[in-house]
Amino acid sequence: MALSIGIVGLPNVGKSTLFTALTKKGGLAANYPFATIDPNVGIVNVPDERIDELAKMVNPEKLVPATVEFVDIAGLVKGANAGEGLGNQFLANIRNCDAICEVVRFFKDPDVIHVDGRVDPTADADTIQTELILADLGSLERSIPKLEKEAKRDKDQKPRLDIAKRLQDWLNEGNRAATLDMTDDERAAAHDLFLLTMKPILYVANCDEDQLHDEPVIDGQKAIPICAEVEAELSELDAEEAAEYLESLGLEHSGLETLAQAAYRLLGLQSFFTAGPKEVRAWTVRIGAKAPEAAGVIHSDFERGFIKAETIGYDDYVTLGGEQGAREAGRLRMEGKDYVVQDGDVMVFRFNV
């Protein structure tokens, strides 16, 4: 399961600079509104030191890390829902994303134009939230008449209609859809509405270099301080130079590492590994997933015909010298259908179809 994150924000907050740095993908980063016309999509490897350690032991032909897809759309402005600016045209491009990353301007550079003429992170976040709520209301206004027709023909569609109307009322009060108190069944029904404000949200504070150790808060939530200019410089360095640069800044991880880890935590995800001479690969699975579900991430046949999972904890695998050492020490376990996968497990699935 590839993780997909949509990047939103006002114009000129550094979205495109950050996107270009994170994805190492050429893009237009300009000092004027609406420089990003077409949605930019980039696939980024999730940094994970464990995959490198496993590779040292297995010496595979290739490494396949977990990935994150970033989708960068044009900046939103007040009135975007009514057609102002260009951002509203591209909101559809992030409706299928797993989460939203909202970039908020904290940097003070007077040479970079702010669309409202001032740097006010709280006001900017409020503007974006309002536009996403209004966009969702517009989506519901189009969906509800269709759901009413479907519910008349098929009573099983009534729960979707009911939750759509509840969400419409809730959004009209200025609330995000995700904050409505819903049952599990209602949440499942609401999922198919693809509302932007139902998605988990990460806030990124695009700050100056001297603000990287601050603890910014947006909408009561800790924001991730990232300096897009620093990330742009890091993207041009090799691994050793990047590590030295981060150390000089007093940082342990790059913005990409911090953002990817925060996204995994937000969405309740973790990684398990497969390791062999052909490849060492990281796979993404939800926290709490049982072994057959993890097997299904690799291939549906693995889940359908699941028998057992040979499992070694990551620490045991590294400490004991790999699969053979773990086997000899009795740390290789044969786990069944009820085993709950742990972060870092190294697994081999036995199946029969």
Side-chain angles (χ1 to χ4, degrees), residues 1-10 39 69 71 73-104 122-203 218-221 263 265-269 286-288:
M1 53 187 298
L3 175 61
S4 179
I5 298 177
I7 303 177
V8 301
L10 296 179
E69 177 185 77
V71 182
I73 65 169
L76 301 176
V77 295
K78 288 180 181 177
N81 68 93
E84 292 294 327
L86 297 170
N88 188 54
Q89 297 176 30
F90 304 112
L91 284 175
N93 293 97
I94 62 171
R95 286 196 181 276
N96 290 322
C97 290
D98 299 300
I100 288 176
C101 170
E102 182 176 329
V103 181
V104 181
T122 299
D124 290 355
D126 288 344
T127 295
I128 296 299
Q129 176 165 299
T130 298
E131 293 308 318
L132 294 181
I133 287 172
L134 290 171
D136 279 349
L137 281 168
S139 179
L140 287 173
E141 286 172 7
R142 292 187 294 273
S143 297
I144 287 175
K146 297 177 185 176
L147 290 172
E148 287 174 334
K149 291 179 182 178
E150 291 175 5
K152 288 179 181 178
R153 294 194 303 265
D154 182 358
K155 291 182 179 179
D156 290 340
Q157 295 299 317
K158 192 172 185 304
R160 287 184 65 200
L161 173 62
D162 291 343
I163 193 59
K165 288 183 174 180
R166 281 191 64 204
L167 283 164
Q168 186 178 45
D169 291 340
W170 185 248
L171 289 164
N172 269 317
E173 294 175 8
N175 303 303
R176 294 179 65 241
T179 61
L180 178 63
D181 187 19
M182 289 180 273
T183 65
D184 290 342
D185 288 343
E186 285 176 327
R187 284 194 176 276
H191 179 268
D192 293 338
L193 297 170
F194 298 105
L195 299 180
L196 294 166
T197 61
M198 272 292 290
K199 299 181 185 300
I201 188 166
L202 283 166
Y203 288 104
I218 300 173
D219 194 27
Q221 180 178 322
R265 287 194 301 272
L266 180 70
L267 294 168
L269 302 175
R286 66 181 184 86
I287 294 171

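What you see is a predicted model, and the numbers here were worked out from it, not measured in a lab.
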Indicate yes or no: at least one non-hydrogen side-chain atom of [X] is less than 4.5 angstrom from one of [Y].
| X | Y | answer |
| --- | --- | --- |
| Arg160 | His191 | no |
| Asp169 | Leu180 | no |
| Ile218 | Thr122 | no |
| Asp126 | Gln129 | no |
| Val71 | Ile5 | no |

Spacing of [atom1] belonging to [X] relative to [atom2] belonging to [Y], to within rounding of 0.5 Å:
| X | Y | atom1 | atom2 | value |
| --- | --- | --- | --- | --- |
| Ser143 | Phe194 | OG | CZ | 10.5 Å |
| Arg166 | Ile163 | CZ | CD1 | 4.5 Å |
| Leu266 | Leu3 | CG | CG | 9.5 Å |
| Ile94 | Ile7 | CD1 | CD1 | 10.0 Å |
| Trp170 | Ile133 | CH2 | CD1 | 10.5 Å |
| Tyr203 | Ile201 | OH | CD1 | 4.0 Å |

Next item on the list: Using modelled atom types only, decide if a donor and an acceptor are shared between the side chain of Gln168 and the backbone of Lys165 within a distance under 3.5 Å.
Entry: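 It does not hold such a pair.
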Next item on the list: Could you tell me whether a side-chain N or O of Arg176 sits under 3.5 Å from a main-chain N or O of Lys199, the two making a donor and an acceptor?
Entry: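 Between the backbone of Lys199 and the side chain of Arg176 there is a qualifying donor-acceptor contact (under 3.5 Å).
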Next item on the list: Report the C-alpha distance between Leu140 and Leu195 in whole Å, list the side-chain angles of each, state the deciding distance to 0.1 Å, and finish with yes or no for side-chain contact (heavy atoms from CB on, under 4.5 Å).
Entry: CA-CA 9 Å; Leu140 287 173; Leu195 299 180; 4.1 Å; yes
Item checked: Candidate pair Ser139 and Arg95, rule side-chain contact (heavy atoms from CB on, under 4.5 Å), full reasoning -> CA-CA 11 Å; Ser139 179; Arg95 286 196 181 276; 4.0 Å; yes
Testing the basics here: between [X] and [Y], what is the closest heavy-atom pair and its distance to 0.1 Å?
| X | Y | result |
| --- | --- | --- |
| Ser4 | Glu69 | OG-OE1, 3.0 Å |
| Glu141 | Pro145 | O-CD, 3.1 Å |
| Ala177 | Met198 | CB-CG, 3.5 Å |
| Leu196 | Ala135 | CD1-CB, 4.3 Å |
| Met182 | Ala190 | SD-CB, 4.2 Å |
| Cys97 | Gly6 | SG-N, 3.6 Å |

Checklist line | Test: Asp154 and Lys149 ion pair at under 4.0 Å | finding: no
Checklist line | Residues forming a side chain to side chain donor-acceptor pair (under 3.5 Å) with Lys158, sequence neighbours excluded | finding: Asp162
Next item on the list: Please test Glu102 against Leu202 for side-chain contact (heavy atoms from CB on, under 4.5 Å), starting from the C-alpha separation and ending with a verdict.
Entry: CA-CA 6 Å; Glu102 182 176 329; Leu202 283 166; over 6 Å; no
Next item on the list: For atom CG of Asp184, decide whether the heavy atoms of other residues, nucleotides or ligands shown that lie under 6.0 angstrom number more than 12.
Entry: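 Atom CG in Asp184 is not crowded, with 12 or fewer foreign heavy atoms closer than 6.0 Å.
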Checklist line | Polar contact flag, side-chain donor to acceptor under 3.5 angstrom, Thr197-Asp136 | finding: yes
Item checked: Chi angles and distances behind the side-chain contact (heavy atoms from CB on, under 4.5 Å) call for Glu131, Val8 -> CA-CA 11 Å; Glu131 293 308 318; Val8 301; over 6 Å; no
